[in-house]
Amino acid sequence: MVRYAESNGFERDNEKPFVWRYRDYVIRSFNEDKPYNRFVAEQIAGDELPDKTADSQIATGMLRLMPWDDEPADRKQHYFDVLDDNVRVVTEGFLGMTAGCARCHDHKGDPIPQKDYYKFVSFFRGMEPMGRGGKQTEFIEAPELAHEREKTLADMAVEEKRIREFMKGVESDALANVSRTRPEIAAKVSKLSSMDRWLITDARLRPTNWYYTVTQPAEEWSSVGFRAERAKWQEGPAGFGTAAQDVQARTVWNGQDIWLQTSFGLEAIPKAVLMHLYHDEDIEIYLNGRPVLQRSDFTREYLPIQAPPEFMSALQTGRNVLAVHVKQKAGSQYFDLGLEVDAVTPSDIVLEKEYRAASRKDREDYLRGQKRLEEIEGQKRSPGIEAMVVSEGGPKPPVTHVLLRGSAHAEGEEVQPGFPAIWGGEPAAIPAPAADAKSSGRRLALANWITRDDNPRTARVMVNRIWLHHFGRGLSPTPNDFGYLGTAPTHPELLDWLASEFVAKGWSVKEIHRLLLNSKAYRLSIASEPKAAAADPANDLLWRFNPRRLSAEELRDSMLASTGELNLEMAGPSVYIAMPEEVLATSSTKGGKWGISPPDQANRRSVYVKIKRSLQPPMFTDFDLADTDNSCPIRFTTTVPTQALAMMNSEFVHDKAKALADRLQRERPDDLQAQVKRAFELVLSRDPDESEVALSLAFMNELKTESKLTPDLALQRFCIGVFSFNEFFYLD
């Protein structure tokens, strides 16, 4: 329903880090029968809830699941594409209405004007955009996560030791090589590590936290004795702004001026410092109260600038205070600054190709180790676990305008958060946030409205989905669209009654499951009756049960269960299953960035299999895996020849058939008839009749006599046949 995937899509299809925590949150919520209204509210505004928890913050990962382009042709337009995705998944997923159709013009089917669409957009306007590379993770501190954090830290300590030993070995070999070939370079090597030489890291490495204010500060704001934290300046990670070419701001700043301060320590004065500066537009930099650099206009990338003499003379041992004023005139805006000691390090010797001191493979492995150590260091300093979540830059979101024809560059009338007229049209009641608030409270107001007991849509939409889950078709066959262009419910009074029961029973999903599974409608046979079939061929009136084919995930899990290999372990990072080389070759990146999991982990349930947008297992795609790019309310069941070919030729099916044959040999050794019966028990959950046993034995005998297969291979082919029975594929 919420287009779950663990990568961003598009050409590079980079990872969505730690987004699997959202998947675990959903499973945990349903198992614990979390009230559905709380479940919805957490996903929309879990970070704004007054009683927020680790779970509620992780839940907001739902708003980060969309495909995300890390290099869009029009960055501003793509930002509104992301907001549109959130509007669509919330309105279609929780309210059963296609409000997204009103983005460019008034809705063509339902009375939703374009202005109402942008009122809805404004609820999400304060969300910080995805970070560089699509990363938008934060560290969450919560008592319930203490045990998991301790285990994570212990695992990281072992990993860190291994990486450092490897890197030290590569550095030693590289230094030995360069001492022979370039002794003049070896003599300049500093003992500083690649990260130690950074006095202030920029957002490309590990964003430094700065104190900042957007209101005119005191006159002494740039002096060495001025403490921004005591002046109650806000604190946020670099870079600052909205967006600029190839970068995304981590802390939103959209006014005319911003003043910033940070500090760093020195044990000794370096001989040279390199400034990595990205600014838009005019900028003044002060070090320890002295002006050291002033620049006008803007840059289009990070510029490496040799620190001027004024900067070097202002440096001092101990604490150094860096203060910056950025003035914006027009267009996009962005500021970031890194300070690097300009020296040759062992890391440079390894990574610089011109020195030819390390092999290509050592360089690549060393660089991966370096990046992983930076991640570990960040996790060690953090108070909790890392998760992909939503956050806001402050209590005042940017202004929202109607975008003419949906173009981000054609702003029309300004709008405020409000609920579309079709849903009552009332303005959103949003309490004024505190001055030091980290968010606007808009999404919380939206969540409270959606989950009100008297909101007629939310409960009806969910019980319709639960009905669809059990019966294969909802009472309304278009569960994402209860509007004019959707299909009206076949039993509207029943749908209304189920919705009222849902709310009356405390929004308990398990109570609705119990209610439906005990109903006469659910217990009907699939057997057809000629008169009823003639009167109601589509079975709209529920006079029989519709057979339902297993989903792709159910099919794979059922095979693993029949072989005895299914691993029922729950939670944790996703696992990689075997991927054919032909599929990996279709990736735009070498090897498709697809990993390898140990056999026992690869046999976990399909809900824990890695879902990468550009690389999906053939078993899943052959049998109608959900669309990962958009909200997918229904999995259409296809019946095509390639499915039969997949069951006959798939490497996975052959592997599971062999595993099943091995199990039959272990449990019923040297008794082919008993093995046939056991296969029916394991795969079809019933005993075969005598004719089925006879046909199975004749089939294997023909394979051995005419096709010259060995007894073991004939049994394996029989297992492939059992996996292909319609009875295995369909619930009846």
Side-chain angles (χ1 to χ4, degrees), residues 1-2 26-40 43 92-96 450-451 453-482 486-529 532-533 536-555 557-558 605 607 624 626 631-637 685 727 729-732:
M1 272 313 308
V2 294
V26 171
I27 293 172
R28 191 162 55 246
S29 297
F30 279 119
N31 284 341
E32 295 172 355
D33 199 20
K34 178 175 289 183
Y36 180 70
N37 55 347
R38 172 74 184 195
F39 179 61
V40 172
Q43 293 177 79
E92 294 175 20
F94 301 131
L95 297 168
I450 288 177
T451 57
D453 286 355
D454 63 346
N455 187 325
R457 291 193 172 276
T458 310
R460 292 174 81 242
V461 169
M462 185 54 181
V463 295
N464 189 61
R465 295 195 194 285
I466 299 173
W467 186 284
L468 164 68
H469 174 75
H470 291 302
F471 289 86
R473 186 179 68 185
L475 291 170
S476 171
T478 53
N480 268 24
D481 190 358
F482 278 35
T487 302
T490 54
H491 300 70
E493 296 89 349
L494 174 58
L495 183 59
D496 288 344
W497 180 77
L498 287 172
S500 65
E501 286 293 292
F502 189 29
V503 175
K505 294 179 183 294
W507 298 83
S508 168
V509 173
K510 287 189 176 183
E511 288 289 345
I512 299 301
H513 284 314
R514 186 176 293 110
L515 183 63
L516 297 189
L517 297 182
N518 281 314
S519 69
K520 179 180 177 181
Y522 183 76
R523 289 177 287 151
L524 288 171
S525 164
I526 67 167
S528 182
E529 298 176 13
D536 180 22
N539 192 29
D540 288 336
L541 302 179
L542 304 173
W543 53 270
R544 68 179 180 90
F545 192 86
N546 290 323
R548 180 177 74 79
R549 201 197 71 197
L550 297 180
S551 67
E553 296 95 329
E554 291 169 329
L555 186 62
D557 291 356
S558 296
R605 283 170 291 184
V607 73
D624 311 309
S631 178
C632 181
I634 302 172
R635 297 207 192 178
F636 294 102
T637 303
S685 300
E727 189 177 346
F729 272 75
Y730 286 86
L731 295 177
D732 59 7

Side chain to side chain contact (heavy atoms under 4.5 Å, CB included) assessment of Leu515 paired with Leu498: CA-CA 9 Å; Leu515 183 63; Leu498 287 172; 3.6 Å; yes

Rounded distance [0.5 Å steps], CG in Asn464 versus CZ in Phe502: 12.0 Å

Summary of salt bridge (charged side-chain N to carboxylate O under 4.0 Å, His left out) pairs that have at least one residue in residues 455-472, sequence neighbours excluded: Arg460-Asp496

Residue pair Leu95 / Asn455, side-chain heavy-atom distance below 4.5 Å: yes

Verdict with supporting geometry, Phe39 and Trp507, side chain to side chain contact (heavy atoms under 4.5 Å, CB included): CA-CA 10 Å; Phe39 179 61; Trp507 298 83; over 6 Å; no

Candidate pair His470 and Arg548, rule side chain to side chain contact (heavy atoms under 4.5 Å, CB included), full reasoning: CA-CA 9 Å; His470 291 302; Arg548 180 177 74 79; over 6 Å; no

Nearest-0.5 Å distance, CZ of residue Arg28 to NZ of residue Lys34: 7.5 Å

Closest non-hydrogen atom pair, Ser551 against Arg635: CB-NH1, 3.9 Å

Met1 and Cys632, any side-chain heavy atoms less than 4.5 Å apart: no

Non-hydrogen atoms of Asn546 and Phe471 that approach each other most closely: CB-O, 4.4 Å

From CZ (Arg514) to OG (Ser508), nearest 0.5 Å: 7.0 Å

Short side-chain to backbone donor-acceptor contact, Thr478 and Thr487, under 3.5 Å: yes

Pro489 and Trp467, any side-chain heavy atoms less than 4.5 Å apart: no

Test item: His469 and Leu516 side chains (from C-beta on) under 4.5 Å apart, heavy atoms: no

Closest heavy-atom pair and its distance - Pro547, Arg544: CD-NH1, 3.7 Å

From Arg549 atom CZ to Asp624 atom CG, the distance as rounded to the nearest 0.5 Å: 4.5 Å

Closest contact, heavy atoms only, Phe545 versus Ala521: CD1-O, 4.0 Å

Closest contact, heavy atoms only, Ala488 versus Pro477: O-CD, 4.0 Å

Gap between atom CG of Asp540 and atom CG of Leu475 - 0.5 Å precision: 10.5 Å

Asp536 side chain to Leu541 backbone, donor-acceptor under 3.5 Å: yes

Phe94 side chain reached by Val461 side chain, heavy atoms, under 4.5 Å: no

Check: Ile526 and Tyr730 side chains under 4.5 Å, non-hydrogen atoms: no

Which atom of Lys510 lies closest to which atom of Asn31, heavy atoms considered: NZ-O, 2.8 Å

Thr451, Val503, Val463, Val509 screened by side chain to side chain contact (heavy atoms under 4.5 Å, CB included) with Tyr36, the one that passes: Val509

Flag side-chain contact, heavy atom, 4.5 Å: Glu553 against Arg605: no

Sub-4.5 Å side-chain heavy-atom contact between Asn518 and Tyr522: no

Distance, nearest 0.5 Å, that separates CD of Glu501 from CD of Glu511: 9.5 Å

